[in-house]
S.K.: 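Below is the structure I would like to discuss, written out as structure tokens.
Each chain gets a letter, A, B and so on, in the order the sequences are listed, and its residues count up from 1.
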Amino acid sequence: MMEGTCPLALLAAGTEAKVTDVRAGRGMQARLLGMGFCPDARVTVQCADRGSIIVSVGDARYALSRGIAMKIFVGIAKGSA
Amino acid sequence: MTREIRIALTGNPNVGKTTLFNALTGSRQHVGNWPGVTVEKKTGKVSRNGCEFEVVDLPGTYSLTAYSADEVIARDFILDEKPDVVVQVVDATNLERNLYLTTQLAELRTPLVIALNMADMAEAQGNPIDYRKLSGFLEIPIVRTVGTRGEGLQDLLDAAVKEAKTSPHHEHTIGYGNEAEEMIAKLTDPLSADRTLSGKYPLRWLAVKLLEGDENVLAKVRGGAASARVQSILSSINSDEYEATMADKRYEAIAAILPQVHRTNTRGTTFSDMVDRVVTNRYLGIPIFLALMWGAFELTFTVATPFMTVIDTLTVWLAEFAVASIEPAWLGSLIGDGIISGVGAVLIFLPNILILFLILALLEDSGYLARAAFIMDRPLYALGLPGKAFIPMLIGFGCNVPAIMATRSIESEKDRLISILVNPFMSCSARLPVYVLFAGAFFGAHAGGVMFFLYVLGIAVAIASAKLFRSTILPGEVSPFVMEMPPYRLPTAMTSLMHMWSRGSMYLRKAGTIILLGAMLVWALASFPYGVEYGSAESFAGMLGHLVEPLVAPLGFDWKVAVALIFGFLAKEVVVGSLGVLYGAGEESLTDALFADPSLSAATALALMVFVLLYMPCVAALGVIKKETGSWKWTGFAVAYGIVVAWVLAFVVGHLAPFFIGGA
Ligand SMILES: Nc1nc2c(ncn2[C@@H]2O[C@H](COP(=O)(O)OP(=O)(O)OP(=O)(O)O)[C@@H](O)[C@H]2O)c(=O)[nH]1
Ligand SMILES: [Mg+2]
């Protein structure tokens, strides 16, 4: 079940979540969708203690600046392992 | 004989396109474990079983909607050049995302073959792919390949030949749901009236791209027969929404297939994740990076020293022998004083250069390079550049020419221009001989530390200049940082040594051409007009040097150094080559000759190294700056700015150094 949504940038390291919406503007939007940041994709924050974060989508790992991570909205899955 | 078949290699970044290209065509294009290595199209030929192939390697891209300059190259080639077959190289360890691009390529209805690359990795992870079944689902031929071991090449070419002769292609397309399909149908109707466009691209593909709001396709439609009606349809829709829902449908279609061909649960915490927790740690990240760099320059200096001594002794002996025994005397002088001393002075540094290249190869092949960009993102962002800009900077340690090209993957034009302008401050390998020579002569045991200082100074000047440009002539937002972090891979000795050698041999080639030319030129200037004492103030070299000397005298440089600096414009190694020629072949080596010259002190040597580090891009770098910026104005600016910065910093360093190194 979802507990409401928030930007990916606000998640702590280790949190697993599901993408609900991506609003990154022309060009970047297509790039992010192509990388797998698409509605319903499962993402996990790997590292969040710097200016940018590392997120995993499937078996891929991406570094995203916080600005971009603010434009990807996620819902946190309850009781996610 | 059949005609030549043109194959384009496309796919996501870092999936092994260039590795396959090299294996297929026997080329030696650059490969590395980070996204964005290839930034231009490269062509190679191969013939097998009486069939001729032209293979084109393209930059990687995540989708057919291009964003950065390198992606535009990849997209335009696929769309406009119409290769006979497109081979999409797919990373078998990351199927879902890779197949997203496949759905877009299939919609284009181009002849398509999938090379299921990195199959070895997928199998090693205990997750092999039933690719025959997958091929059936997708209606696209799939060949298992392992680029690094050259497996599957013949099958790939066979599949390409077959696909090139098959038509039509891919009746099967993704369904996008009622709402989107209705819009697609609405758009297809006016589009079919545009004969030129509908003759070139499938109508459905055009409609889908328009619905996604693809600027490039929109531009193609504009002005054509369909323009007015298409635009009126599009004005009523929100293309961002369609783009997201259609992406969703594509991933849904992929997700419906994948569980039937392999295990789809993700792998959880991997070895790479654990390494990343340490090397990207908030407190440890930058210290680890600096420690690695310091270690690298220590190694470059210490490991190479014994080899250098051998080459040095050999050149001195050879030069002396040539001067003494070759008749007539002028020829002996040309060969001994000119060619052997000049080129030899540069060749001595081959061991250093090789070690530097080996270290850079390890940096690229291991996957750490992408982490360095991540670590530096915050400090760079504060100064006005995205973290991605750090990659061209590090590549610049090898050579600024490919480094400036590598800026193509930076999305924003201004960020890219700034990255290009500051890149020459990154100390390329051609400057290494100058440091090794002078640091070795004047700083002895501290040579490694001095070199580290110079490299860091280069980074600092580059970053400070970026900040300056950002806040004055090129203001604007820093483009956001988005970059894939590839899994760490243990570089094999073979690939890293190959890397080292392919660049090391370029250094040798340079020594045999432009450096040789520079040495002969300086020798001629030092020998004429006829009758003057070799290398004296009355020779042409002396006159030229004395002409420029006043400009560099405040830095403590004499006319010989001035001449060397002028010719260093050809290639930075020529600075050393020219000094080798001007100091002539005595019984002592160039190091000793420099040390014995009363006009040179440790402080001057340091100022000289700083000046050479910063003063001017070499001819080749200037050429590529012009090519990538497309502007003489910016090229001229790069030169002028470099000279001013070099002069000021060399002056400061030269005058402050005595206080630190206890007089000169
Ligand atoms: N294990 C394994 N590694 C591979 C294989 N093919 C390529 N690699 C490695 O994958 C990395 C990327 O290879 P490249 O050929 O540079 O990839 P690319 O697709 O050309 O990358 P870009 O030009 O950046 O888009 C390198 O470290 C290769 O050694 C393979 O089949 N198996
Ligand atoms: Mg490549």
Side-chain angles (χ1 to χ4, degrees), chain A residues 5 7-9 12-74 77 80-81, chain B residues 12 61-68 71 93-97 100-101 104 125 212-215 240 243-248 250-252 255 264 266-267 269-270 272-273 276-277 280-282 285 370-371 373-375 377-379 381-382 386-387 411 477-478 480-487:
Chain A
T5 65
L8 180 59
T15 323
E16 201 185 309
K18 211 174 204 182
V19 177
T20 56
D21 203 4
V22 184
R23 283 293 149 90
R26 273 284 81 80
M28 185 53 91
Q29 174 96 354
R31 164 88 59 92
L32 289 174
L33 290 170
M35 287 176 151
F37 291 95
C38 141
D40 286 341
R42 292 195 154 276
V43 298
T44 308
V45 178
Q46 299 285 339
C47 163
D49 64 354
R50 298 182 152 266
S52 23
I53 62 174
I54 296 185
V55 188
S56 67
V57 185
D59 282 330
R61 306 283 182 272
Y62 300 102
L64 302 178
S65 59
R66 282 201 190 260
I68 286 295
M70 286 301 284
K71 293 173 179 167
I72 299 173
F73 294 88
V74 294
S80 67
Chain B
N12 286 169
T61 183
Y62 291 102
S63 89
L64 281 185
T65 304
Y67 190 20
S68 49
E71 288 178 339
T93 63
N94 213 329
L95 262 190
E96 189 177 14
R97 184 196 74 196
Y100 179 79
L101 182 65
Q104 298 189 338
Q125 288 167 12
E212 284 178 341
D214 186 297
E215 306 277 354
D240 281 355
E243 191 176 22
T245 51
M246 291 197 293
D248 203 18
R250 292 188 187 121
Y251 277 113
E252 256 175 34
T264 49
T266 53
R267 293 196 298 137
T269 304
T270 61
S272 289
D273 294 334
D276 274 345
R277 272 177 211 161
T280 67
N281 179 280
R282 175 187 208 147
R371 275 68 185 189
F374 175 71
I375 293 164
D377 181 52
R378 175 135 63 187
Y381 182 85
E411 292 86 2
E477 285 274 300
V478 180
F481 177 52
V482 174
M483 194 173 159
E484 187 171 356
M485 300 282 117

S.K.: In Å and rounded to the nearest 0.5 Å, what is the CG to CZ distance from B:N94 to A:R61?
M.R.: 9.5 Å
S.K.: Can you say whether B:Q104 sits under 4.5 Å from chain A via the side chain, the backbone, both, or neither, judging by heavy atoms?
M.R.: neither
S.K.: How close do B:M485 and A:I54 get, heavy atom to heavy atom, and via which atoms?
M.R.: CG-CD1, 4.4 Å
S.K.: Mark yes or no for whether B:Y251, through its side chain, and A:G36, through its backbone, hold a donor-acceptor pair below 3.5 Å.
M.R.: yes
S.K.: So, for B:R97 and A:G34, which heavy atoms are closest and what is the spacing to 0.1 Å?
M.R.: CG-O, 3.0 Å
S.K.: Hey, what do you get for CG (B:N12) to CE (A:M35), rounding to the nearest 0.5 Å?
M.R.: 9.0 Å
S.K.: Would you please test A:S52 and B:Y381 for side-chain contact (heavy atoms from CB on, under 4.5 Å) and show each step?
M.R.: CA-CA 10 Å; A:S52 23; B:Y381 182 85; over 6 Å; no
S.K.: Once you round to the nearest 0.5 Å, how far does CD of A:Q29 lie from CG of B:D240?
M.R.: 5.5 Å
S.K.: Going from SG on A:C38 to CD on B:E243, what distance comes out if it is rounded to the nearest 0.5 angstrom?
M.R.: 11.0 Å
S.K.: Considering only heavy atoms and a distance below 4.5 Å, find which of B:E484, B:R282, B:R378 pairs most often with chain A.
M.R.: B:R282
S.K.: Nearest 0.5 Å please: distance from the CG atom of B:D377 over to the CD1 atom of A:I53.
M.R.: 11.5 Å
S.K.: So which atom in A:R31 and which in B:V482 form the shortest heavy-atom distance, rounded to 0.1 Å?
M.R.: NH1-O, 4.4 Å
S.K.: Could you check A:V19, A:D40, A:L33 and say which one makes a side-chain contact (heavy atoms from CB on, under 4.5 Å) with B:D248?
M.R.: A:D40
S.K.: Go through B:R277, B:E71, B:R250 and name the one with the most non-hydrogen pairs under 4.5 angstrom from chain A.
M.R.: B:E71
S.K.: Which region of A:R23, side chain (C-beta onward) or backbone (N, CA, C, O), has a non-hydrogen atom less than 4.5 Å from a non-hydrogen atom of chain B, or is it both or neither?
M.R.: side chain
S.K.: Chain A heavy atoms under 4.5 Å from B:T93: which part of the residue, side chain, backbone, both or neither?
M.R.: backbone
S.K.: At a heavy-atom separation under 4.5 Å, does B:L64 approach chain A through its side chain, its backbone, both, or neither?
M.R.: neither
S.K.: Out of B:G213, B:A247, B:A244, return the one with the most heavy atom pairs under 4.5 angstrom to chain A.
M.R.: B:G213
S.K.: Side chain, backbone, both or neither: which part of B:T245 has an atom under 4.5 Å from a heavy atom of chain A?
M.R.: neither
S.K.: Out of B:T270, B:L101, B:D276, B:N281, return the one with the most heavy atom pairs under 4.5 angstrom to chain A.
M.R.: B:N281
